[in-house]
Student: 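Before I ask anything, here is the structure I am working with.
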Amino acid sequence: MSKPVQSANQPLRGRPVNEQARQERMAQVLDGARRCFVERGFHASSTAQISAAAGVSVANLYQYYPTKEALITALIDLDLKRHANMIVRFWATDLSPRAIKEALGDIFLTKEGHEVAVLRAEIASEGARNSEVADLLRRSEVQLFAFLNGNIRAAQQDGRISRNIDPGLVGERLALVFEGVMRLYVFSPDDGERLLARYYAQLADALHLNA
């Protein structure tokens with residue numbers, strides 16, 4: 001995906017000067033890229049298809065993201081923020097089945113949530129071929145593990161879960177189970193309710209919620 005040559009004195013056409021408008025345009029481009037990657041896969045999505053889905057010109061697309069790798073990097077960062085927000089919502093609950101269903105329902109019980117699962121699988125697949133993407137994913141996981149462990153410790157301190165469990169081991173178990181359930185969800189979008197119940201069973205066992 002080569003970048004068009006542009007004079008240093010030539011204005012960037014179609015690029016909003018206002019920072020808020022610029023951020024909105026970048027989000028618009030990312031949304032178009034996400035839909036293309038979900039529908040066609042990373043490598044099968046052309047810049048023309050991405051720009052059309054985003055409602056911007058190809059030249060405008062290059063101004064924000066000069067390569068498809070830049071797009072996938074931005075999508076990984078977006079997924080990291082989305083996952084961190086989900087962890088906050090999750091651990092702010094009383095950890096009852098109903099509360100966890102509400103916290104995870106936007107992933108396992110909606111079309112948009114299934115698209116997130118498909119995109120994560122597509123990005124993971126690219127990480128197997130691209131060492132830079134793999135490094136980004138590893139750093140993302142390290143940050144999420146640390147964030148998850150902090151939330152588990154907070155739940156221990158306020159008495160919602162036992163102080164006798166090891167936050168590191170439990171966090172690793174829950175993260176691995178979640179990723180496994182997400183992979184199943186990719187090709188079983190109608191099984192979201194059942195997969196959510198299976199995840200909760202693992203959660204309850206790991207946190208000794210039935211003890």
Side-chain angles (χ1 to χ4, degrees), residues 34 38 72-110 112-189 191-211:
R34 176 188 60 78
V38 168
I72 203 168
T73 297
L75 286 169
I76 290 173
D77 184 58
L78 186 64
D79 185 65
L80 175 64
K81 292 175 182 176
R82 182 191 297 114
H83 204 141
N85 288 335
M86 182 194 69
I87 289 173
V88 169
R89 294 197 312 272
F90 184 104
W91 289 97
T93 71
D94 61 5
L95 301 176
S96 66
R98 179 177 179 178
I100 297 305
K101 182 176 180 178
E102 290 179 357
L104 300 182
D106 60 343
I107 291 181
F108 289 101
L109 303 177
T110 67
E112 293 76 15
H114 182 254
E115 290 179 352
V116 168
V118 173
L119 181 62
R120 285 168 65 93
E122 184 67 28
I123 291 174
S125 178
E126 181 62 18
R129 298 182 291 265
N130 185 319
S131 61
E132 291 184 8
V133 172
D135 287 341
L136 283 171
L137 290 172
R138 280 191 287 267
R139 290 198 294 270
S140 174
E141 284 195 1
V142 168
Q143 293 179 57
L144 286 173
F145 271 128
F147 192 55
L148 175 59
N149 290 345
N151 278 267
I152 292 174
R153 290 190 179 93
Q156 286 179 309
Q157 292 170 1
D158 65 25
R160 281 179 294 146
I161 61 175
S162 171
R163 292 177 178 268
N164 296 325
I165 64 174
D166 184 315
L169 291 177
V170 167
E172 184 174 5
R173 174 181 172 181
L174 293 179
L176 291 172
V177 170
F178 184 81
E179 290 301 322
V181 169
M182 285 285 277
R183 280 195 289 272
L184 290 173
Y185 184 42
V186 168
F187 52 82
S188 302
D191 288 346
E193 192 96 33
R194 182 177 62 84
L195 292 172
L196 192 50
R198 289 176 65 180
Y199 179 74
Y200 188 81
Q202 292 290 333
L203 172 75
D205 183 66
L207 299 182
H208 304 163
L209 297 181
N210 298 325

Student: Quick one: CZ on Arg120 to CD1 on Ile107, what's the gap to the nearest 0.5 Å?
Tutor: 7.5 Å
Student: Quick check against the 3.5 Å criterion: does Tyr200 have a side-chain atom that pairs as donor or acceptor with the backbone of Leu95?
Tutor: yes
Student: Compare all side-chain heavy atoms of Glu122 with those of Ile72 and state whether any distance is below 4.5 angstrom.
Tutor: no
Student: How far does CD of Glu179 sit from CG of Leu174, to the nearest 0.5 angstrom?
Tutor: 12.0 Å
Student: First locate atom CZ of Arg82, then atom CG of Asp106, and finally report the distance between them rounded to the nearest 0.5 Å.
Tutor: 9.5 Å
Student: Give a yes or no on whether the backbone of Thr73 and the side-chain of Asp77 come within a donor-acceptor separation of less than 3.5 Å.
Tutor: no
Student: Would you give the length of the straight line joining atom CG of Asn85 to atom CZ of Phe147, rounded to the nearest 0.5 angstrom?
Tutor: 7.5 Å
Student: Minimum heavy-atom separation for Pro167 to Arg153, with atom names?
Tutor: CG-CG, 3.8 Å
Student: How close do Leu137 and Ala124 get, heavy atom to heavy atom, and via which atoms?
Tutor: CD1-CA, 4.1 Å
Student: Where is the tightest heavy-atom contact between Ile161 and Ile165, given as atom of each residue plus distance?
Tutor: CD1-CD1, 3.8 Å
Student: To the nearest 0.5 Å, how far apart are CG in Asn164 and CD in Gln156?
Tutor: 8.5 Å
Student: What distance separates Leu104 CG from Phe90 CZ, expressed to the nearest 0.5 Å?
Tutor: 5.5 Å
Student: For atom CZ of Arg160, decide whether the heavy atoms of other residues, nucleotides or ligands shown that lie under 6.0 angstrom number more than 12.
Tutor: yes
Student: Which heavy atom in Ala99 sits nearest to a heavy atom in Asp94, and how many Å separate them?
Tutor: CB-OD1, 3.2 Å
Student: Identify the heavy atoms of Leu148 and Ala175 that sit nearest to each other, and give their distance.
Tutor: CD2-CB, 4.4 Å
Student: Indicate the atoms forming the closest heavy-atom contact of Gly127 with Ala134, along with that distance.
Tutor: O-CB, 3.3 Å
Student: Using salt bridge (charged side-chain N to carboxylate O under 4.0 Å, His left out) as the criterion, list what pairs up with Glu102, not counting sequence neighbours.
Tutor: Arg98
Student: Under a plain distance cut-off of 3.5 Å, with no hydrogens placed, do Arg129 and Ser125 share a side-chain donor-acceptor pair?
Tutor: yes
Student: Heavy atoms, side chains only, cut-off 4.5 Å: are Asp191 and Leu184 in contact?
Tutor: no
Student: With sequence neighbours excluded, tell me which residues meet salt bridge (charged side-chain N to carboxylate O under 4.0 Å, His left out) with Arg173.
Tutor: Asp205
Student: Quick one: side-chain hydrogen bond (donor to acceptor under 3.5 Å, both in side chains) pairs with a partner in residues 139-149, sequence neighbours left out?
Tutor: none
Student: Once you measure the plane-to-plane angle for Phe178 and Phe108, does it fall in the parallel (<30°), tilted (30-60°) or perpendicular (>60°) bin?
Tutor: perpendicular
